[in-house]
Trainee: 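I am attaching a structure below and will ask some questions about it afterwards.
By convention in this document, chain letters (A, B, ...) are assigned in the order of the sequence lines, proteins followed by strands, and residues within each chain are numbered from 1.
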Amino acid sequence: MEYILKNGIVYDPTHNVTGDRKDVMIKDGKIVDNVSSDAKVLDVTDKLVMAAGVDVHAHIAGPKLCVGRLYRPEDSRAGVVPKTDITRAETGFSIPSCSATGYRYSRMGYGTVTEAAVPPLEAKHTHEEIMAIPNIDVSPLALFGNNWFVLQFVKKNDLEGLAAFVSAWLKLSKCYGMKVVNPCGSEAWGWGMNVHGIDDPAPHWDVTGGEVVRALTQVNEMLGLPHSMHVHPNDLGHPGNYPTTIGTLDAVKDVKKNPNVIRDQTIHCTHLQFHCYGGTSWRDAKSGAAPVADYINKNKHVTCDVGQVTFDETTTMTADAPMEYDLYKLSGLKWANKDIELETASGLIPIIYSPKAPVNALQWAIGLELFLLINDPWQVVLTTDSPNAGPFIRYPRIMSWLMSSDRRTEMLENEVHKWATKRTDLASLDRVYDWSDIATVTRSAPAKILGLEQRGHLGVGANADVAVYDIEPENFDATKASNASVIEDVMGRAAYTIKDGEIVVKDGKIVKVVPSRHMWTNVTGFEEQEKKVLEDIMPMFNRYYTVKFENYKVFDHYIDPAIEFKIDAGK
Amino acid sequence: MKTITLTLKKFSSIALEFEELIPDTVYNWSKEDFENYQVPIGNTRFPLTNYFDIEVEGDAEGPEDVKMILDGDMSRVKYIGYRMTAGEIIVNGDADLQAGAEMIGGSLKINGNAESYVGREMRGGSIEVMGNVREYCGTSYIGEWRGMSGGVIKVHGNAGKQLADCMSGGEIYIGGSCDILAGIHMTKGYIEIGGDVTRWPGGQMKNGTIVIKGKLSSLLEGFENEGIFVDPDIEGKQLTGKYIKYKGDIGVNGKGSLWLNAEKNRNLL
């Protein structure tokens with residue numbers, strides 16, 4: 001099928017296209033520069049055209065979600081939408097049903113989403129849920145930061161062995177890249193403890209979080225994985241944690257980037273907002289965004305996503321189990337805790353972010369400060385760490401805050417607690433994002449950060465993942481506070497979402513359902529080392545895991561359809 | 001005043017759902033509107049006239065002018081009075097699940113027994129059940145930690161398990177006996193039980209008041225005796241006789257009060 005999107009106002013930051021009136025041509029699921037006369041014309045005159053959105057960090061599939069749905073039936077009733085001829089019924093607000101997840105991303109014009117935390121032991125379940133999510137391709141990241149084998153390799157300083165282990169484990173779990181969550185902290189949680197800072201060793205291991213992040217980053221570059229190290233640093237959500245964040249980023253400053261990758265960074269710091277707190281306790285907590293933003297402005301080896309708080313009742317879910325316990329002690333709401341054997345732990349608890357609560361107002365303001373203080377939009381990505389700081393359906397609302405300092409002022413003056421004004425610099429920041437910046441932080445930058453060459457832009461050869469929004473950027477003043485609700489509305493229901501050359505959304509409604517593809521990285525060139533590593537670790541595996549190795553692997557029928565990223569590590 | 005009378009003529013073993021038939025939606029409906037209405041049953045809808053004879057008399061300016069009378073066995077009619085804000089519904093028979101659930105105002109009277117979830121998450125108005133209610137009367141939705149927050153539920157018969165789970169306001173009066181875990185997780189509000197209680201009232205209660213006028217078979221360990229009071233005045237309600245007062249549930253640092261009739265619970269003296 002061929003399409004030509006005619007007369008749209010195109011924003012494609014990858015190719016420096018900033019609001020040019022252009023036609024976008026599609027053939028066989030790719031962007032092309034020429035179509036035949038048979039091409040179907042879609043008249044998008046004056047409308048906003050961008051590549052489909054790319055989410056660098058969200059929790060959308062896997063056992064955490066399943067526990068969340070079981071544990072919060074009251075959330076399921078919040079987003080009930082009846083079935084249609086095309087779609088299944090939807091349920092849920094912060095933890096939507098699988099199909100609802102796909103539809104809602106699709107309606108916002110998104111095409112690719114990263115599932116940010118997959119314990120390899122639970123990878124099968126994650127892929128099963130991805131099979132049930134339609135219309136978005138999913139790149140799952142496997143958890144390595146508290147894995148016993150990883151800790152062992154790091155302790156022995158055996159990077160070669162660690163690289164072979166990572167390479168083998170990505171194949172076994174069919175994951176796209178590496179994720180680290182509170183390195184050593186979730187392992188410490190097995191003893192009811194946590195680690196504090198990057199130099200605090202996990203009990204009985206004598207290995208620190210800083211060492212784990214550094215070793216895994218080195219291995220990431222040694223293998224040349226498309227995405228960089230994706231790290232959730234230690235001390236999440238603790239007042240005074242920003243030096244830990246900077247320390248984590250600085251620990252890998254000298255790691256040399258693999259020359260074969262398209263990304264610029266060697267470390268991606270996720271939901272940075274939760275890691276930028278100053279002060280010593282919640283009594284004197286204040287923003288630590290400025291020093292962290294300053295560090296990122298000076299260091300190109302770092303990218304981040306924000307994890308913007310959206311003032312909703314949502315559900316937190318993370319492999320940072322000790323942090324979830326802290327949250328439980330603060331709020332007293334129902335708390336779930338899980339142990340993932342040799343790999344990690346996890347926790348889950350509902351949370352209510354209220355604009356009237358001082359701490360929540362502070363968190364909200366810190367998130368926006370990061371967006372506005374980090375100069376290069378290619379280094380900062382729009383996320384809510386969905387559903388931890390808010391559900392992903394709020395992305396359009398965040399766009400409206402970024403595009404209008406008047407709207408932010410209105411909120412600071414009337415809607416949010418004064419801590420947002422008194423303990424952060426948000427009130428003094430009048431920078432606003434334009435459509436090009438929005439396209440960068442929601443599409444182009446995340447695609448580049450993930451190492452996805454064919455996504456996040458509209459150049460020839462790119463995947464035909466395109467979003468059209470029913471707004472005329474040339475005749476619309478996004479900086480006006482009163483227009484914030486318009487932005488939220490329009491960006492939440494795409495006029496068209498095109499996925500691999502097929503129209504899946506029209507006028508905000510799902511018109512077609514296509515299966516999501518499982519993106520995974522297949523590293524070649526380490527076969528011999530992998531074999532040896534597997535032999536070496538097998539006694540420990542057999543002794544401590546509750547599953548047999550033969551049943552541990554994600555079989556191919558779990559990942560149909562798949563996109564395999566073949567990496568030649570020897571190159 | 002508008003009086004709407006629905007008389008059951010055919011019983012459906014698959015439940016009918018009445019969430020759309022509340023004074024708020026039907027106050028300006030004519031008889032024809034009712035005759036054209038299709039009522040949800042299972043995963044489909046059928047004409048209301050298959051099941052009911054319908055009479056409509058008078059006019060209403062708003063829901064407060066509406067009196068709905070449901071005559072017959074409504075034991076397979078769910079969601080009667082769901083989310084109603086005003087007006088009056090009288091059920092001359094039994095009612096199925098979720099009667100008066102999420103009710104905001106107005107009154108619902110059931111001249112029979114009611115199934116579970118009567119007055120779930122009720123915020124205001126009044127419910128009176130002349131017979132018994134089953135489980136989860138005046139509770140929260142499953143998983144939800146914020147339950148009934150206002151209004152009054154009066155049950156003349158007995159109540160089942162987990163009465164008023166997570167209650168945070170309002171009043172519940174049970175004339176008869178009550179099964180386990182009345183007032184579990186409650187944070188505020190008033191529960192008065194006229195008859196006997198099996199076990200564990202007030203489990204994990206943080207605050208609020210439970211009065212038991214009959215015999216309690218088993219008290220939870222998390223309740224501390226605070227002494228005996230004669231004719232106590234509890235939240236403006238004058239009780240007569242001797243009552244033993246407990247504070248709890250100390251397992252969750254709770255400051256709720258549980259009052260037991262001393263005469264009926266001499267074993268605890």
Trainee: Using heavy-atom distances under 4.5 Å, tell me whether A:L333 contacts chain B through its side chain, its backbone, both, or neither.
Mentor: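 Only the side chain of A:L333 comes within 4.5 Å of chain B.
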Trainee: If you compare all heavy atoms of A:P73 against all heavy atoms of B:Y141, which two are closest, and at what distance to 0.1 Å?
Mentor: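 In this case the closest contact between A:P73 and B:Y141 is O-CE2, 3.7 Å.
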Trainee: Near A:N414 CG, under 6.0 Å, is it more than 12 heavy atoms from other residues, nucleotides or ligands?
Mentor: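 Enclosed.
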Trainee: With a sphere of 6.0 Å drawn around NZ of B:K206, does it hold more than 12 non-hydrogen atoms of other residues, nucleotides or ligands?
Mentor: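 No.
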Trainee: With no hydrogens and no angle check, is any side-chain donor or acceptor of A:K334 less than 3.5 Å from a backbone partner on B:G143?
Mentor: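 Yes.
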Trainee: What I want to find out is whether B:R146 reaches A:E313 closely enough, with some N-O distance under 4.0 Å, to be called a salt bridge.
Mentor: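 Answer for the salt bridge query: yes.
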Trainee: Around atom OH of B:Y136, are there more than 12 heavy atoms from other residues, nucleotides or ligands closer than 6.0 Å?
Mentor: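 Counting neighbours around OH of B:Y136, 12 or fewer heavy atoms of other residues, nucleotides or ligands fall under 6.0 Å, so no.
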Trainee: Can you tell me if A:I352 has over 12 outside heavy atoms packed within less than 6.0 Å of its CD1?
Mentor: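 Enclosed: over 12 neighbouring heavy atoms sit under 6.0 Å from CD1 of A:I352.
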Trainee: Could you tell me whether A:Y353 atom OH has more than 12 heavy atoms of other residues or ligands within 6.0 Å of it?
Mentor: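 Atom OH in A:Y353 is packed in, count exceeds 12.
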Trainee: Would you sort out whether A:R77 and B:E102 count as a salt bridge (charged side-chain N to carboxylate O under 4.0 Å, His left out), showing the intermediate values?
Mentor: CA-CA 14 Å; A:R77 66 174 170 166; B:E102 297 183 43; 3.6 Å; yes
